[in-house]
Enquirer: 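Take a look at the following structure, please.
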Amino acid sequence: MAMRGRIESIEKNRESAVLVLATTNLEMDILPALYDTLCERGDTGRLDVVFYCRGGIVSAARRIALLLHEFSSHICFIVPFYCESSGTIAALAGHEIIAGPAASFSPVDPHLNSAQEQSSEGSGAISAENVRLFADMCRDWFGMPEPEAQTQSLSVMCANVFPTTLTAFYRSMLETRDICSELLARSMRDRPEEIRSRIVDRLLFGYHSHIFSLSHHDLSALGLPVRRDARIERIAWEMVHELRQSVGAGVRRSEEDDWVGTIIATRATTRRQRYRPGSFTPQWDVGETE
């Protein structure tokens with residue numbers, strides 16, 4: 001079954017409109033193409049978003065989630081596999097989340113690029129949690145008294161990291177917390193604010209690694225509206241096999257080949273964000289969904 005047939009199958013089973021959003025990086029450049037796609041469909045009432053995401057920009061996740069709310073009164077994120085980092089933030093806007101056994105979410109602690117330190121993945125990004133927990137490490141590993149650990153850690157930090165960089169970490173954490181709270185207030189408005197705050201704090205501070213893989217069980221235990229639907233999960237899993245072969249620079253045979261960063265599809269139209277060697281900005285190709 002081709003992509004169009006799978007989209008129509010979900011729509012028939014769920015009496016909804018289906019949008020496929022698959023991306024290696026949530027970014028603002030996706031917004032115009034998404035807006036055009038949603039305008040073509042109009043107000044859908046119930047919108048199912050088959051979502052495949054490896055991360056991206058936090059503020060872009062917010063704007064994309066809010067745009068989906070402009071065109072639907074009920075949003076369901078269908079997550080067959082990756083929904084990481086900023087993808088997890090976007091999914092907080094869903095009134096429901098259908099996630100199968102292989103669905104992989106992640107904590108949402110913010111990262112900033114740094115020239116001083118290279119991560120284990122070589123990205124040069126430092127987690128805000130690595131900064132925040134430095135005093136705890138001094139206390140737990142080296143037995144420093146609490147006041148001394150805090151004083152010494154601040155001194156060491158300021159001596160090795162420019163103070164405004166530390167402030168940038170703090171502001172980034174505040175921004176991420178506010179965005180998560182804003183999206184949960186839309187999708188879980190009937191739940192008390194204290195429950196929503198616990199969910200946000202757990203996603204921000206409750207895990208020891210940004211790459212820790214959270215399952216559908218983990219998100220359900222947090223209190224998020226996660227549920228199972230074996231038939232829909234099976235169709236979405238078939239979709240993700242095709243998407244993994246189509247999205248990302250890693251599917252290229254050589255560095256001279258074009259590659260697709262994002263796919264946005266409905267049963268009628270597919271938009272592909274295409275990167276070409278030597279081009280400064282990606283171009284969007286539009287065609288019929290096959």
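Keep in mind the model is a prediction, meaning the values are calculated, not measured. When reading the values below, keep in mind they use all heavy atoms of this one structure, side chains included, and skip hydrogens, waters and symmetry mates.
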Enquirer: For G87, does its backbone N or O pair with a side-chain atom of S85 as donor and acceptor, under 3.5 Å?
Expert: no
Enquirer: If you count every heavy atom of other residues, nucleotides or ligands that lies below 6.0 Å from E146 atom CD, does the total exceed 12?
Expert: yes
Enquirer: Drop me the distance from R63's CZ to I179's CD1, to the nearest 0.5 angstrom.
Expert: 11.0 Å
Enquirer: Let me confirm one number: the CE-CE distance from M144 to M137, rounded to the nearest 0.5 Å.
Expert: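 Those atoms lie 9.5 Å apart.
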Enquirer: Going from CZ on R272 to CD1 on I264, what distance comes out if it is rounded to the nearest 0.5 angstrom?
Expert: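 Answer rounded to 0.5 Å: 11.5 Å.
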Enquirer: Please check if the side chain of T151 supplies one atom and the backbone of P147 the other of a donor-acceptor pair under 3.5 Å.
Expert: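 Flag set: sc T151 to bb P147 pair under 3.5 Å.
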Enquirer: For the residue pair L183 and L66, establish whether any side-chain heavy-atom pair is separated by less than 4.5 Å.
Expert: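 In short, these two side chains touch, coming nearer than 4.5 Å.
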Enquirer: Is it the case that the side chain of H216 and the backbone of A103 share a donor-acceptor pair, with hydrogens and angles ignored and the cut-off at 3.5 Å?
Expert: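 No.
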Enquirer: Distance-only, no hydrogens or angles: does the R196 side chain make a donor-acceptor pair with backbone N or O of R191 under 3.5 Å?
Expert: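 Confirmed, R196 side chain pairs with R191 backbone.
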Enquirer: Do I89 and V79 belong to the same hydrophobic cluster, where Ile, Leu, Val, Met, Phe, Trp and Tyr are linked whenever their side-chain heavy atoms lie under 4.5 Å apart, directly or via other members?
Expert: yes
Enquirer: Count the heavy atoms of every other residue, nucleotide or ligand shown that sit under 6.0 Å from CZ of R228, and state whether that count exceeds 12.
Expert: yes
Enquirer: Should the heavy atoms of other residues, nucleotides or ligands under 6.0 Å from CZ of R231 be counted, would the total exceed 12?
Expert: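 Counting other residues, nucleotides and ligands, CZ of R231 stays at 12 neighbours or fewer.
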Enquirer: List the steps and the verdict of salt bridge (Lys or Arg N to Asp or Glu O under 4.0 Å) for E84 and R54.
Expert: CA-CA 5 Å; E84 297 176 323; R54 298 305 307 268; 2.9 Å; yes
Enquirer: Shortest non-hydrogen contact from A61 to S86?
Expert: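 Taking A61 first and S86 second, the nearest heavy atoms are CB-O, 3.5 Å.
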Enquirer: How about M3 and M239: do any of their side-chain heavy atoms sit closer than 4.5 Å?
Expert: yes
Enquirer: In Å, rounded to the nearest 0.5 Å, how long is the span from OG of S246 to CD1 of I263?
Expert: 4.5 Å
Enquirer: Could you walk me through whether V20 and I7 satisfy the side-chain contact (heavy atoms from CB on, under 4.5 Å) test, starting with their C-alpha distance in whole Å, then the side-chain angles of each, then the deciding distance to 0.1 Å, before giving a yes or no?
Expert: CA-CA 8 Å; V20 177; I7 291 173; 3.9 Å; yes
Enquirer: What's the shortest heavy-atom distance between G94 and P225, and which atoms?
Expert: O-CG, 3.8 Å
Enquirer: Run the salt bridge (Lys or Arg N to Asp or Glu O under 4.0 Å) check on E8 and R4 step by step: do they pass?
Expert: CA-CA 6 Å; E8 291 176 341; R4 179 173 180 173; 3.2 Å; yes
Enquirer: Do the side chains of I57 and M28 get nearer than 4.5 Å, heavy atoms only?
Expert: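 Answer no - side chains too far apart.
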Enquirer: Measure across S213 and S104 and return the closest heavy-atom pair with its distance rounded to 0.1 Å.
Expert: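 The answer is OG-OG, 2.8 Å.
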Enquirer: Does NE2 belonging to H217 count more than 12 external heavy atoms closer than 6.0 Å?
Expert: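 Not buried by this count: 12 neighbours or fewer within 6.0 Å.
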Enquirer: Between the main-chain N or O of C83 and the side-chain N or O of T88, is there a donor-acceptor pair closer than 3.5 Å?
Expert: yes
Enquirer: If the plane angle is over 60° it's perpendicular, under 30° parallel, otherwise tilted; pick one for Y207 and F212.
Expert: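 Geometry flag for F212 against Y207: parallel rings.
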Enquirer: Quick one: does T266's side chain have a donor or acceptor within less than 3.5 Å of a partner on L19's backbone?
Expert: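 Not confirmed, T266 side chain does not pair with L19 backbone.
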Enquirer: Quick check against the 3.5 Å criterion: does S9 have a side-chain atom that pairs as donor or acceptor with the backbone of G5?
Expert: no
Enquirer: Salt bridge check: are D201 and R198 linked by an N-O gap of less than 4.0 Å?
Expert: no
Enquirer: Measuring from atom SG of C53 to atom CD1 of I64, what distance do you get when rounded to the nearest 0.5 angstrom?
Expert: 8.0 Å
Enquirer: Under the side-chain contact (heavy atoms from CB on, under 4.5 Å) rule, collect the residues that match up with V131, sequence neighbours excluded.
Expert: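 I126, M157, L166, F169.
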Enquirer: For the pair L214 and L203, evaluate side-chain contact (heavy atoms from CB on, under 4.5 Å) and give the outcome as yes or no after the intermediate values.
Expert: CA-CA 10 Å; L214 300 172; L203 288 172; 4.0 Å; yes
Enquirer: Parallel, tilted or perpendicular, judged at 30° and 60°: which one describes the rings of F71 and Y35?
Expert: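 It falls in the perpendicular class, over 60°.
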Enquirer: Considering only heavy atoms from C-beta outward, does the side chain of I78 approach that of D229 to under 4.5 Å?
Expert: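 They are not in side-chain contact.
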Enquirer: Does a side-chain heavy-atom distance below 4.5 Å link V108 with V200?
Expert: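 V108 vs V200: side chains apart.
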Enquirer: Under a plain distance cut-off of 3.5 Å, with no hydrogens placed, do S106 and H210 share a side-chain donor-acceptor pair?
Expert: no
Enquirer: Can you tell if the side chain of E233 reaches within under 4.5 Å of the side chain of I98, non-hydrogen atoms only?
Expert: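 They are in side-chain contact.
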Enquirer: Answer yes or no: are there more than 12 heavy-atom neighbours, outside R132 itself, under 6.0 Å from its atom CZ?
Expert: yes
Enquirer: Are the side chains of R189 and H95 in touch, meaning some heavy atoms are under 4.5 Å apart?
Expert: no
Enquirer: Side chain of D178, backbone of E175: donor and acceptor closer than 3.5 Å?
Expert: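 Answer holds: no.
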Enquirer: Kindly compute the distance separating OG1 (T262) from OH (Y275), expressed to the nearest 0.5 Å.
Expert: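 Separation between the atoms: 6.0 Å.
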Enquirer: Nearest heavy-atom pair of W237 and P80: which atoms, and what distance?
Expert: CZ3-O, 3.3 Å
Enquirer: Do V18 and R267 pass the side-chain contact (heavy atoms from CB on, under 4.5 Å) test, and can you show the C-alpha distance, the side-chain angles, and the key distance before you say yes or no?
Expert: CA-CA 8 Å; V18 169; R267 67 169 179 263; over 6 Å; no
Enquirer: Would a single hydrophobic cluster contain both F105 and L243, if residues Ile, Leu, Val, Met, Phe, Trp and Tyr are joined by side-chain heavy-atom contacts under 4.5 Å?
Expert: no
Enquirer: Provide the closest heavy-atom pair for H69 versus I75 in the form atom of the first, atom of the second, distance.
Expert: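 That closest heavy-atom pairing would be CD2-CD1, 3.5 Å.
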Enquirer: Under a 4.5 Å side-chain heavy-atom rule over Ile, Leu, Val, Met, Phe, Trp and Tyr, are V49 and V240 clustered together?
Expert: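 As far as the 4.5 Å side-chain criterion goes, V240 and V49 are not connected within one cluster.
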Enquirer: Looking just at side-chain N and O atoms, do S215 and D218 make a donor-acceptor pair shorter than 3.5 Å?
Expert: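 Side chains of S215 and D218: pair found under 3.5 Å.
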Enquirer: Can you pull the salt bridge (Lys or Arg N to Asp or Glu O under 4.0 Å) pairs that have at least one residue in residues 36-48, sequence neighbours excluded?
Expert: E11-R41, R14-D48, E40-R271, R46-E96
Enquirer: L38 and L26: same hydrophobic cluster, using ILVMFWY side-chain contacts below 4.5 Å?
Expert: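 As far as the 4.5 Å side-chain criterion goes, L26 and L38 are connected within one cluster.
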Enquirer: Flag yes if Y52 and L47 sit in one hydrophobic cluster, no otherwise; membership is Ile, Leu, Val, Met, Phe, Trp, Tyr, and two members link when side-chain heavy atoms are under 4.5 Å apart.
Expert: no
Enquirer: Would you say that W259 contacts T24 through its side chain, given a criterion of any heavy-atom pair below 4.5 Å between the two side chains?
Expert: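 Answer yes - side chains close enough.
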